[in-house]
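This is a predicted model, so every value here is computed, not measured. So that the names make sense, note that chain A is the first sequence line, chain B the second, and so on, each numbered from 1.
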Protein chains: 2
Amino acid sequence: MAKKKSHDSSDDGAPAGRSVPMREFSRSLPMSLLRAREAVMRQFRPSLRQHGLTEQQWRILRALAAIEVIEVTELARTAFLLGPSLSRILRDLEARHLIERRTVKTDQRRSTVSISEKGLKLMAAVAPSSEAIYADITRRYGARKLAELQQMLGELENSLAGLRPQEETDATADE
Amino acid sequence: MAKKKSHDSSDDGAPAGRSVPMREFSRSLPMSLLRAREAVMRQFRPSLRQHGLTEQQWRILRALAAIEVIEVTELARTAFLLGPSLSRILRDLEARHLIERRTVKTDQRRSTVSISEKGLKLMAAVAPSSEAIYADITRRYGARKLAELQQMLGELENSLAGLRPQEETDATADE
DNA sequence: AAACGATACTTAACATGTTAAATGTATCCG
DNA sequence: CGGATACATTTAACATGTTAAGTATCGTTT
């Protein structure tokens with residue numbers, strides 16, 4: 001249906017090359033998001049690294065610091081990590097005694113995680129510089145604008161929420 | 001609906017837990033960007049996967065399709081990939097005959113890359129569904145809003161552009 | 001209670017992200 | 001010319017992303 005090949009077309013800014021009809025790549029939404037995030041994270045990584053933490057490990061500690069205990073599955077959702085990643089990281093953090101873990105008595109499959117004293121101390125050591133960096137970003141970009149951006153990002157997330165990832169000729173439309 | 005426990009503090013929504021003074025984590029900019037990007041990429045991945053491509057491999061093909069030839073370093077910048085990642089992926093794409101590679105005669109260190117006929121055919125096979133997904137996202141979120149979002153993301157990138165990542169007590173502030 | 005299916009992780013396997021080090025070339029400079 | 005430097009790319013090593021399997025436990029059904 002409707003093969004609209006608007007040949008030498010209107011808004012494509014693609015510079016010659018072999019032509020495959022497509023948006024110009026650097027303007028794609030995924031790239032914009034990736035570049036923006038990278039620009040932000042670049043600010044934080046060195047500071048975290050000095051404390052021996054990766055971005056994801058820091059996410060977990062932050063998530064844990066906000067609550068008493070949490071189950072692994074719930075933590076995965078909170079820290080926005082996939083199960084396998086979380087599993088590996090928890091193993092590591094536990095070995096470093098930054099977190100504590102215990103199986104739920106009423107259900108041996110589940111286990112809860114909480115931050116340890118040592119973990120709290122580490123957080124206390126990292127938080128100041130981390131907050132300072134965040135404050136700096138906010139100042140540069142503008143607090144109001146930042147809030148607006150986050151609002152729009154949330155809305156983007158919501159508009160794609162229900163949408164099932166595109167399979168091919170998949171006919172299982174009802175669950 | 002979430003039960004808002006309006007503690008009594010200032011603006012911190014942190015629910016009890018061990019207290020380390022810090023923004024609530026789910027509202028941080030990096031998380032917002034990560035979640036938004038993931039929501040978007042989740043739409044594309046299955047389609048790419050069906051064609052045996054990862055997100056990054058697709059980025060490279062797209063970048064290559066827009067130009068005749070390009071040097072590796074320049075490609076890394078365009079596709080927003082680090083050298084080591086690019087190196088591995090190019091090795092793979094070359095083995096699959098999706099790209100072609102040749103060393104620059106005037107400088108044996110450099111090499112140029114270009115997409116092959118086979119690569120172009122693959123792109124032609126993937127592009128339609130990819131564009132359809134993008135169109136769907138645009139429709140759901142709103143074209144104007146999407147443009148605005150990308151504008152704001154670009155500005156965020158720019159406001160952090162000059163800013164050097166935070167080192168510790170690093171005194172090399174000049175040059 | 002034994003069988004079956006669902007759940008909560010964990011492992012495995014492969015691809016990429018991230019930093020540091022290695023390799024091979026090119027360039028500069030005495 | 002020869003040695004020090006800089007540069008382009010690759011390799012190495014470790015951490016995470018992503019999907020598929022595996023393991024243990026729980027619930028339910030018969």
Side-chain angles (χ1 to χ4, degrees), chain A residues 30 34-35 37-61 70-77 79-96 98 101-113 165 167 175, chain B residues 30 34-35 37-60 70-77 79-96 99 101-113 165 167:
Chain A
L34 179 59
R35 297 165 69 108
R37 187 174 138 83
E38 178 52 29
V40 172
M41 284 316 302
R42 201 185 344 269
Q43 310 305 319
F44 289 97
R45 263 192 285 268
S47 160
L48 291 178
R49 193 159 207 288
Q50 288 180 333
H51 295 277
L53 290 174
T54 65
E55 180 196 333
Q56 293 80 357
Q57 293 167 347
W58 178 237
R59 285 222 297 274
I60 291 177
L61 291 185
I70 189 174
E71 290 188 9
V72 172
T73 302
E74 175 69 3
L75 179 56
R77 204 165 40 239
F80 208 69
L81 290 169
L82 293 178
S85 298
L86 183 55
S87 204
R88 287 177 299 219
I89 300 175
L90 289 182
R91 190 210 313 137
D92 181 61
L93 292 180
E94 187 177 24
R96 289 156 71 184
L98 296 173
R101 209 188 207 168
R102 51 195 312 179
T103 26
V104 173
K105 285 179 288 293
T106 64
D107 188 340
Q108 300 291 105
R109 293 172 303 180
R110 301 163 191 261
S111 67
T112 59
V113 186
E167 307 285 343
E175 140 195 33
Chain B
L34 179 57
R35 297 164 69 108
R37 187 173 137 83
E38 177 52 29
V40 172
M41 285 315 303
R42 201 189 338 272
Q43 311 304 319
F44 289 98
R45 263 191 285 269
S47 161
L48 291 178
R49 192 159 209 287
Q50 287 180 336
H51 295 278
L53 290 175
T54 65
E55 180 196 334
Q56 292 82 357
Q57 294 168 347
W58 178 238
R59 285 221 298 274
I60 291 177
I70 189 174
E71 291 189 7
V72 172
T73 302
E74 175 69 2
L75 179 56
R77 206 165 39 239
F80 208 70
L81 291 169
L82 294 179
S85 299
L86 183 55
S87 202
R88 285 178 299 218
I89 299 174
L90 289 182
R91 188 207 316 135
D92 180 62
L93 292 179
E94 188 177 25
R96 289 158 70 184
I99 64 169
R101 209 188 206 171
R102 51 196 313 180
T103 27
V104 173
K105 285 179 287 294
T106 65
D107 187 341
Q108 302 291 105
R109 293 172 302 180
R110 303 162 191 261
S111 66
T112 59
V113 185
E167 306 285 342

Original post:
Think A/Ser111 has a side-chain N or O under 4.0 angstrom from the OP1 or OP2 of C/dA8?
Top reply: no
**OP:** Tell me, please, which residues at least two apart from B/Gln108 pass side chain to side chain contact (heavy atoms under 4.5 Å, CB included).
**Re:** none
Original post:
Which residue pairs pass the salt bridge (Lys or Arg N to Asp or Glu O under 4.0 Å) test with at least one member in residues 102-111 of chain B, sequence neighbours excluded?
Top reply: B/Glu71-B/Arg110, B/Asp107-B/Arg109, B/Asp107-B/Arg110
Subject >> Under the side chain to side chain contact (heavy atoms under 4.5 Å, CB included) test, residues paired with A/Pro30 that sit two or more places apart >> reply: A/Ser28, B/Arg37, B/Val40, B/Met41, B/Phe44, B/Tyr134
**OP:** If a protein heavy atom is under 4.0 Å from the base, mark B; if only from the sugar-phosphate, S; if neither, -; do that for nucleotides 12-20 of chain D going 5' to 3'.
**Re:** BB-SBBBBB
Subject >> side chain to side chain contact (heavy atoms under 4.5 Å, CB included) against B/Ala76, all qualifying residues, sequence neighbours excluded >> reply: B/Leu86
**OP:** Check if the side chain of A/Arg109 and the base of C/dC9 share a donor-acceptor pair of N or O atoms closer than 3.5 Å.
**Re:** no
Subject >> Test side chain to side chain contact (heavy atoms under 4.5 Å, CB included) applied to A/Arg96 - qualifying residues, sequence neighbours left out >> reply: A/Leu53, A/Gln57, A/Asp92, A/Leu93, A/Leu98
Subject >> Whole angstrom value for the distance that separates P of D/dC7 from CZ of B/Arg110 >> reply: 10 Å
